[in-house]
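Report on one structure; see the data block that follows.
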Amino acid sequence: MRDPIPLDEEFLQDPYQLYERLRAQRPVAPALLPHGLRVWIVSRYEDARAALADPRLRKDSVRQQELSARQAEETNSTPVIPEFLNSHMLNTDPPDHTRLRKLVGAAFTSRRVAELRPRITAIVEELLDALPRGEVVDLVDGFAYPLPITVICELLGVPESDRTDFRSWTATLLNTGVAEAELAAAAEAMLGYLDALIAEKQRAPGEDLISALVRARDDGDRLDEGELRAMVFVLLVGGHETMVNLIGNGTLALLRNPDQLAALRADPGGLPAAIEEFLRYDGPVNFATFRFTTEDVTLGGTTVPEGEFVVIALLSANRDGQRFPDPHALDLGRTTAGHLAFGHGVHYCVGAHLARAQAEIAFERLLGRFPDLALAVPPADLSWRHSTLMRGLEALPVRL
């Protein structure tokens with residue numbers, strides 16, 4: 001095996017340069033995450049789509065912890081995610097995954113999302129009303145973050161007063177380069193919060209999703225205590241993190257491509273297609289969550305040994321010129337069918353309907369309200385979050 005590629009700060013700020021080389025020269029290549037864990041990156045579209053649905057690539061959280069601990073011992077690296085937060089729906093295989101997904105699926109159907117649209121619209125309008133005119137505004141902090149966190153917290157039944165702490169813990173847990181002590185502190189705080197929240201829902205249930213999940217646990221053995229805690233965690237994180245990045249990345253893409261912005265303003269009916277292109281062009285998730293090989297698996301002409309971690313580079317697959325012509329251009333009129341921003345196969349994002357609805361409303365109102373929206377800093381001054389999992393801006397300074 002050739003030496004693993006270090007995924008350093010240069011990669012975190014611009015992964016596309018490395019992905020271009022990998023697709024051309026090493027489509028399945030070993031790499032080292034910033035905390036030292038060795039993974040294999042799948043970078044081409046065809047291989048990525050196949051890998052996302054390959055039953056030889058498993059997600060069992062217990063086995064993941066064992067493999068991570070083994071690597072940490074061998075290389076003196078740090079395990080990635082605390083165990084109690086790792087045993088969620090995204091890290092389970094059928095039939096457990098099927099059972100867990102069914103419990104929450106009803107909350108994210110197209111019909112249920114249609115019912116939520118008036119409330120999403122009201123939240124968007126309130127946030128845009130609150131943005132200060134005549135000065136530089138951070139669109140991430142003032143709009144892209146509070147919209148989805150409000151929506152998912154209302155859906156789940158999380159008190160508004162708790163959302164600031166939750167944002168801080170999540171940012172730490174998803175930060176690839178955070179110190180082990182800081183990671184442990186955030187995990188402990190998150191654990192205490194989730195346990196208290198679940199206990200409160202058990203004492204005084206409401207009409208929210210967490211109360212429904214508590215009832216499912218209490219009415220039988222469909223959710224054990226660990227599964228319930230992990231489910232709430234992944235719904236909270238997944239329900240807002242991806243949307244923050246979709247709004248931020250999509251807005252930046254438009255502001256850096258004024259011809260495409262002008263075309264969208266001229267034809268607002270093209271917004272649903274534009275959102276699909278935002279997802280393809282610079283999606284909110286870099287890597288799909290970890291999988292591991294249960295046997296030697298050949299991907300893209302490279303054999304990955306049994307017991308190795310595999311990450312599918314969604315950003316890379318969606319910029320593969322073999323699948324999407326002129327892939328580095330933002331083209332709101334292109335055909336984006338088959339993009340992998342929401343994954344593929346049984347782990348396709350359960351919240352995709354909700355994400356698309358929020359994005360539609362957010363961009364429609366944002367662009368309609370502020371015809372002179374413009375970047376307030378040179379693009380080179382923007383910085384991206386220190387995360388190999390997520391692809392999102394630290395801040396997006398704009399003038400309204």
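Residue numbers count from 1 along this sequence.
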> Taking only residues two or more places apart in sequence, or in another chain, which ones meet W169 in a ring-ring contact (aromatic ring centres under 6.0 Å, His included)?
Replying inline: Y193
> Which residues satisfy the ring-ring contact (aromatic ring centres under 6.0 Å, His included) test with F370, sequence neighbours excluded?
Replying inline: none
At what distance, to the nearest 0.5 angstrom, does [atom1] of [X] lie from [atom2] of [Y]?
X	Y	atom1	atom2	answer
I247	L139	CD1	CG	8.0 Å
E277	L271	CD	CG	13.0 Å
T388	L33	OG1	CG	5.0 Å
E241	R385	CD	CZ	4.0 Å
R323	T336	CZ	OG1	9.0 Å
L375	L255	CG	CG	4.5 Å

Is there a path of hydrophobic side-chain contacts, each under 4.5 Å between heavy atoms of I/L/V/M/F/W/Y residues, joining [Y] to [X]?
X	Y	answer
Y348	M243	yes
V346	L235	no
L131	V151	yes
L382	F143	yes
V310	L32	no

Going by atom types only, do [X] and [Y] share a side-chain donor-acceptor pair under 3.5 Å?
X	Y	answer
E308	W40	yes
H386	E9	yes
D331	Y281	no
R56	T293	no

>> Using the side-chain hydrogen bond (donor to acceptor under 3.5 Å, both in side chains) definition, which of the options D282, N286, T242 pairs with R391?
In response: D282
>> With side-chain hydrogen bond (donor to acceptor under 3.5 Å, both in side chains) as the test, pick out the partner of E20 among H328, Q25, R319.
In response: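 Testing each of H328, Q25, R319 against E20, the sole residue satisfying side-chain hydrogen bond (donor to acceptor under 3.5 Å, both in side chains) is H328.
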A quick test of your reading: do over 12 heavy atoms of other residues, nucleotides or ligands sit less than 6.0 Å from [atom1] of [X]?
X	atom1	answer
Q322	CD	no
R133	CZ	yes
E10	CD	no

Below 4.5 Å, heavy atoms only, C-beta onward: do [X] and [Y] meet side chain to side chain?
X	Y	value
L18	L7	yes
L299	V42	yes
V158	I210	yes
R356	P272	no
K59	T289	yes
T302	R26	no
F11	I5	no
I361	L147	no

Under the 3.5 angstrom rule, does the side chain of [X] hit a backbone N or O of [Y] as a donor-acceptor pair?
X	Y	value
R280	N318	yes
N257	D259	no
S211	G206	yes
Y19	R44	no
E182	T172	no
S43	P27	yes
T335	A337	no
R23	S316	yes
H240	L236	yes

> If you draw the axis of the six-membered ring of F324, does the NZ or CZ of R334 fall within 45° of it and under 6.0 Å from the ring centre?
Replying inline: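 Output no; distance or angle outside limits.
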> So is R38 actually on top of F309's ring, under 6.0 Å and inside 45° of the axis?
Replying inline: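 R38 over F309 ring: no.
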> D208 and K201: salt bridge (charged side-chain N to carboxylate O under 4.0 Å, His left out), yes or no, with the steps?
Replying inline: CA-CA 9 Å; D208 53 82; K201 297 298 181 183; 3.2 Å; yes
Do you know the tightest heavy-atom contact between [X] and [Y]?
X	Y	answer
L340	A48	CD1-CB, 4.0 Å
D296	P305	OD1-CA, 3.4 Å
A273	L332	CB-O, 4.2 Å
N249	G283	ND2-O, 3.4 Å
I41	A313	CG2-CB, 4.0 Å
L315	P15	CD1-CG, 4.0 Å

> Does E135 pair with R399 as a salt bridge, N-O distance under 4.0 Å?
Replying inline: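 A salt bridge is absent here (no side-chain N lies under 4.0 Å from a carboxylate O).
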> Passes salt bridge (charged side-chain N to carboxylate O under 4.0 Å, His left out), R369 versus D129? Steps please.
Replying inline: CA-CA 10 Å; R369 182 81 71 94; D129 286 343; 2.9 Å; yes
>> Under the criterion side-chain contact (heavy atoms from CB on, under 4.5 Å), I'd like the reasoning laid out for L264 against L367: C-alpha separation, chi angles, the key distance, then a yes or no.
In response: CA-CA 9 Å; L264 183 57; L367 299 179; 3.7 Å; yes
> Any idea how F342 and H339 line up, ring-wise: parallel (<30°), tilted (30 to 60°), or perpendicular (>60°)?
Replying inline: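 Ring orientation of F342 relative to H339: tilted.
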> Would F278 and L254 count as a side-chain contact (heavy atoms from CB on, under 4.5 Å) if you check the C-alpha gap in whole Å, the side-chain angles of each, and the deciding distance to 0.1 Å?
Replying inline: CA-CA 9 Å; F278 299 155; L254 284 175; 3.6 Å; yes
> Does the pair T251 and F363 meet the rule for a side-chain contact (heavy atoms from CB on, under 4.5 Å), with working shown?
Replying inline: CA-CA 8 Å; T251 302; F363 280 104; 3.4 Å; yes
>> side-chain contact (heavy atoms from CB on, under 4.5 Å) for E394 and V140? Distances and angles first, verdict last.
In response: CA-CA 8 Å; E394 294 279 4; V140 170; over 6 Å; no
